[in-house]
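Data block below; observations after.
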There are 2 protein chains.
Amino acid sequence: MSKSAGAGAQREAARQDAAIRLGELENHLGYFVRRLQHWIFRDANAGLATIDLDVILYSILETIAANPGAAQIAVAGALGIERARMVALLDDLQQAGLIVRERSEQDRRAHALGLTPRGRVILKKANALVAAHEKRVARRLGVDNYRRALAALAQFETDETRG
Amino acid sequence: MSKSAGAGAQREAARQDAAIRLGELENHLGYFVRRLQHWIFRDANAGLATIDLDVILYSILETIAANPGAAQIAVAGALGIERARMVALLDDLQQAGLIVRERSEQDRRAHALGLTPRGRVILKKANALVAAHEKRVARRLGVDNYRRALAALAQFETDETRG
DNA sequence: CAGAATAGTTGTGAACTGCAATTATTGCTG
DNA sequence: CAGCAATAATTGCAGTTCACAACTATTCTG
């Protein structure tokens, strides 16, 4: 769609044919967030597919690396993943030999999560792929917009993150 | 909505203990976009539920209103909805008496979409609810961050957008 | 100690995704 | 101008995700 509403209607040249107006959606952050997220996930997943990961599995690995010994529910909370769904995701990572689940000493209900050596290697590769993806996002969005967006959105606190 | 008010104190205490680090995710726009989108959809849907809509149906209504006579595929493209999925969504809206599907005069393969009078009434209510939601987003994110985020993300062009 | 709360797990129904196939219609091209 | 490719809408399907509810084992609290 092109932006043909009153405020900022430039960059029109691209879309000649079925130019669709957005109406009120122009003023709704959720609309743009959804569009951007859609693109980001496709692009990031395409990159990570080369090492048999996706953004969800990657973000789990990275969170475990940053919080060795964390329980499943803590990782799930940080990433907005349902704890029930986390089980199968961790099964995958464990079966791939990237993480270990050990019973926690302090709380024998909980699992202490950790990376295997192989997990660390894969995570390093993943971070390189994701960094390349991030550059594509920045180029696509414009470097200034990218920085502004990251700064603004990082301020957001979900219900889970606010203490 | 999200957290039941009942079990407050212990939960928040436990949550503070489990301060989880994000590692590299701190630098990844996709992480924050996903978190924000999750919250936005929950909040917006909760508002729209009072008139039996959700954000998807609302955005379809708004797009039709801004583009009377548009074909299904045009609306689907603007909103990032698969055209196959659009069928059932429009079925719902039609059954609720909010839209009409007429065969297009110019192209008899296509449907010309339009709002019914009832559709216009509901859309007006929806826009009020969504505006209230938008204010909640702005307050949650901080008004300055909200404006910056909206300005930055509105620049993004999807693959469909660019010719 | 009894009862409530919590971590992990399993299961379920509904919804969404991406894809393939079908029909009716249109547009292109040789 | 006839045939063939492309397109709009629709149907159907397999795999995934989602939000819940229920269950076990363990821990915390009064």
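Every chain is numbered from 1 and lettered A, B, ... according to where its sequence line falls, protein lines coming before strand lines.
In this view, B:A65 and B:L115, B:L123 satisfy the side chain to side chain contact (heavy atoms under 4.5 Å, CB included) rule, not counting sequence neighbours. With sequence neighbours left out, A:S104 forms a side chain to side chain donor-acceptor pair (under 3.5 Å) with A:Q106. Shown here are the side chain to side chain contact (heavy atoms under 4.5 Å, CB included) partners of A:L150, two or more places apart in sequence or in another chain: A:Y146, B:L29, B:F32. Residues meeting the side chain to side chain contact (heavy atoms under 4.5 Å, CB included) test with A:V121, sequence neighbours left out: A:K125. Scanning for side chain to side chain donor-acceptor pair (under 3.5 Å) contacts around B:Q95 gives an empty result, with sequence neighbours left out. By the side chain to side chain contact (heavy atoms under 4.5 Å, CB included) test, A:R148 pairs with A:D144, A:N145, B:A152, sequence neighbours left out. Residues passing the side chain to side chain donor-acceptor pair (under 3.5 Å) test with A:N127 are A:Y58, A:E62, sequence neighbours excluded.
Rounded to 10 degrees, the angle separating the terminal helix axes of the helix from C:dC1-D:dG30 to C:dG30-D:dC1, each built from five base pairs, is 30°.
Contacts of residues 59-69 of chain A with DNA chain D (heavy atom under 4.0 Å): none.
Put simply, CG on A:D92 is 14 Å from C1' on D:dG15, counting in whole angstrom units. Look at CD on A:Q106: it is 17 Å from C1' on D:dA25, rounded to the nearest Å. Distance B:L79 CG to C:dC16 P: 14 Å, rounded to the nearest Å. Between the CZ atom of B:R34 and the P atom of D:dT17 there is a distance of 10 Å, rounded to whole Å. Nucleotide D:dT17 holds its P atom 18 Å from the CZ atom of B:F41, rounded to whole Å. Atom pair B:I81:CD1 and C:dA15:P shows a separation of 16 Å (rounding to whole Å applied). Residue B:N45 contributes atom CG, which lies 11 Å from atom P of D:dA19 at whole-angstrom precision. The CG atom of B:L89 sits 10 Å away from the C1' atom of C:dC16 (whole-angstrom rounding).
Every pair passing side chain to side chain donor-acceptor pair (under 3.5 Å) that includes a residue from residues 77-93 of chain B is listed here, sequence neighbours excluded: B:D91-B:R101. The salt bridge (Lys or Arg N to Asp or Glu O under 4.0 Å) pairs that include a residue from residues 106-121 of chain A are A:D107-A:R109, where partners are two or more places apart or lie in different chains.
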Completion exercise
Expected string for nucleotides 3-13 of chain D under the B/S/- scheme (protein heavy atoms, under 4.0 Å, primed atoms plus P, OP1, OP2 as sugar-phosphate) is ---BBSBBBB-
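A distance of 4.0 Å separates OG1 in B:T63 from CG in B:L79, rounded to the nearest 0.5 Å.
Closest non-hydrogen pair, A:A44 versus A:V55, comes out as CB-CG1, 3.4 Å.
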